[in-house]
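For reference, the structure discussed in these notes is given below.
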Amino acid sequence: MNFTDELVQWYLSNKRDLPWRNTTNAYIIWLSEIILQQTRVEQGLPYFNRFLEKYPTVTDFAAAHEDEVLKLWQGLGYYSRGRNMLKTARLVQEQYNGVFPTSYDELIKLKGIGEYTAAAIASFSANEAKAVVDGNVYRVLARYYGIFEPINSTQGKKIFQSAASDLLNKQNPALHNQTMMEFGAMLCKPKNPACGICPVREGCYAFINNATTGLPVKLNKLKVRERFFNYFLVTDSNTILMNKRGENDIWANMYDLPMVETSALLSIDELIQLPEVKTMFGNNLNIIEDSPIHKHILTHQRLFVRMIKTDNYPVNMNENWAYFSVENLQDLALPRIIFILIKNIFNL
DNA sequence: AATTCGGGGAC
DNA sequence: GTCCCAGAATT
């Protein structure tokens, strides 16, 4: 048997039973693929179930409000996925009469759908002959064929896309694509791949040359920025002052608290002398409580977050601020760190 | 071509 | 701590 036939045999007897594999409904497959972008199956699965229950069809999704979608997305990260899903659902409802497209060329035009996701939906829903190239496929191809071009360079992406397309089984693209990804996820793992039980190791460059650790090659140019968020908790235990974030920064359109960002970690005394703080609260800020600094790690940012409780009320209201009753907090989409900071206070 | 979008789990 | 996950959009 050749390389891919061996992998298909492995797949048929080792695959996980995942709900989105039991359908050709393009809407359901779209839902799963967006949720699984840069997200492990175990983390995305409960979100997939909740979204499908709440929005059984794309028509239901299109009728949702953005705040509601973001709330359902809370905790999953990369929140633009949720906002783009709503845009796409509404466009499909309007332009496609609620029938989700299944062709690669139509899918690739939609917000939140790139080359990988278009190929995935087209192949899984309609068996269109497009090869998926995700992190798993990069790894399997790099190791088996000994491809050393970096997977995140422009040249590398072309080479891997081309190799994947050449390898694609055009008789059954869906089965082929599922196989490549499942094999990468379950056996040809990033660390400690299970070469001992690998059905194709005899032909694998990386196994033969003991090179699995170094493949695939990836250029690492990750810059991490440090930021210091000083939040103010303004509450009478029945209401709380919340801030709706803007479009540009992290956590777009989600809710946090009134805040002053500083370029360094300041003492509480230094902080209350800042002009921004004085503008918000006047000259006499009364501090009830100053939380420990919470370190929150994102992909490109390290956040140092503190929460200061005060019994003052702002002397100037920001247009993005509003008081919410504490019962309504459960309806707001909160970034993970904000949720952690206030959940014990209000028994969320 | 480079950067920026989260959060969690494995090591 | 590091790496990476069924990547895409923006600059």
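Sequence lines set the chain letters: A, B, ... in the order given, protein chains first and strands last, and positions in each chain run from 1. All values derive from a computational prediction rather than experimental measurement. Below, all heavy atoms of this structure are taken into account, side chains as well, without hydrogens, waters or symmetry copies.
- Listed for the A/N127 side chain is a donor-acceptor partner under 3.5 Å among the backbone atoms of A/A174.
- If you look at A/W73 and A/F51, their ring centroids are closer than 6.0 Å.
- Rounding to the nearest 0.5 Å places CG of A/L222 at 12.5 Å from CG of A/L219.
- A cation-pi arrangement, defined by a distance under 6.0 Å to the six-membered ring centre and an angle within 45 degrees of its axis, is absent between A/R336 and A/F339.
- Contact check of residues 163-188 of chain A against DNA chain B (heavy atom, cut-off under 4.0 Å) returns no residues at all.
- Between A/F281 and A/P314 the shortest side-chain heavy-atom distance falls below 4.5 Å.
- Residues of residues 67-93 of chain A that place a heavy atom closer than 4.0 Å to DNA chain B, in numerical order, are A/G75, A/L76, A/G77, A/Y78, A/Y79, A/R81.
- At whole-Å resolution of the value, CD1 in A/I35 and P in B/dG7 are 16 Å apart.
- A/S291 places no side-chain N or O within donor-acceptor distance of the main-chain N or O of A/R306, the cut-off being under 3.5 Å.
- Protein chain A touches strand DNA chain C; the 5'-most and 3'-most nucleotides with an atom under 4.0 angstrom of its non-hydrogen atoms are C/dG1 to C/dT10.
- Going from atom CZ of A/F339 over to atom C1' of B/dG6 covers 16 Å, rounded to whole Å.
- Side-chain atoms of A/T39 come within donor-acceptor range of the base of B/dG6, with a qualifying N/O pair under 3.5 Å.
- Scanning residues 109-130 of chain A for heavy-atom distances under 4.0 Å to DNA chain B yields an empty list.
- Within a 6.0 Å sphere centred on NZ of A/K244, heavy atoms belonging to other residues, nucleotides or ligands number more than 12.
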What are the atom names and distances for every N/O pair under 3.5 Å that joins the protein to nucleotides 9-11 of chain B?
none

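- For DNA chain B, the residues of residues 209-233 of chain A within the heavy-atom distance limit of 4.0 Å (strictly under) are A/K221, A/K223, A/R225, sorted by number.
- Counting to the nearest Å, the P atom of B/dG6 and the CD1 atom of A/I34 are 16 Å from each other.
- Each of A/D249 and A/T154 has a nearest nucleotide on DNA chain B; the 5'-most of these lies closest to A/T154.
- Heavy-atom minimum distance, A/F3 versus A/V140: CZ-CG1, 4.0 Å.
- With salt bridges taken as basic N to acidic carboxylate O contacts below 4.0 Å, none links A/K71 and A/D331.
- Taking atom P in both B/dC11 and C/dA6, one finds a spacing of 14 Å when rounded to whole Å.
- With A/Q301 as reference, A/R227 is the one residue of A/H296, A/R227, A/K223, A/E226 to meet the side-chain hydrogen bond (donor to acceptor under 3.5 Å, both in side chains) rule.
- Between A/I337 atom CD1 and B/dG6 atom C1' the separation is 12 Å, expressed in whole Å.
- Around the CG atom of A/N2, the shell of radius 6.0 Å holds more than 12 heavy atoms that belong to other residues, nucleotides or ligands.
- No more than 12 heavy atoms of other residues, nucleotides or ligands sit less than 6.0 Å from atom CG of A/N97.
- Note on A/R90 versus A/E66: no salt bridge recorded, every NZ/NE/NH1/NH2 to OD/OE distance being 4.0 Å or above.
- Straight-line distance from the CG atom of A/N248 to the P atom of B/dT4: 13 Å, rounded to whole Å.
- When the side-chain nitrogen and oxygen atoms of A/Q301 are compared with OP1 and OP2 of B/dC5, one or more of them lie within a distance under 4.0 Å.
- In terms of phosphate contacts, A/H296 brings a side-chain nitrogen or oxygen within less than 4.0 Å of OP1 or OP2 of B/dG7.
- Following chains of ILVMFWY side-chain contacts shorter than 4.5 Å, one cannot reach A/Y323 starting from A/I288, and the two form parts of different hydrophobic clusters.
- Within the 6.0 Å centre-distance limit, the rings of A/F61 and A/W30 are counted as a close aromatic pair.
- Residue A/V137 is classed as having no contact, given no heavy-atom separation below 4.0 Å to the nucleic acid.
- In this structure, NZ of A/K295 is placed 17 Å from C1' of B/dG6, rounded to the nearest angstrom.
- Remark: side-chain polar atoms of A/T88 are paired, donor with acceptor, to backbone N or O of A/K111 under 3.5 angstrom.
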Any chance you could lay out the side chain to side chain contact (heavy atoms under 4.5 Å, CB included) test for A/W10 and A/V200, step after step, and finish with the verdict? CA-CA 10 Å; A/W10 174 90; A/V200 295; over 6 Å; no
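- Of the possible donor and acceptor atoms, one in the side chain of A/N230 sits under 3.5 Å from a partner among the backbone N and O of A/V260.
- Counting heavy atoms from C-beta on, the side chains of A/I28 and A/F100 never come closer than 4.5 Å.
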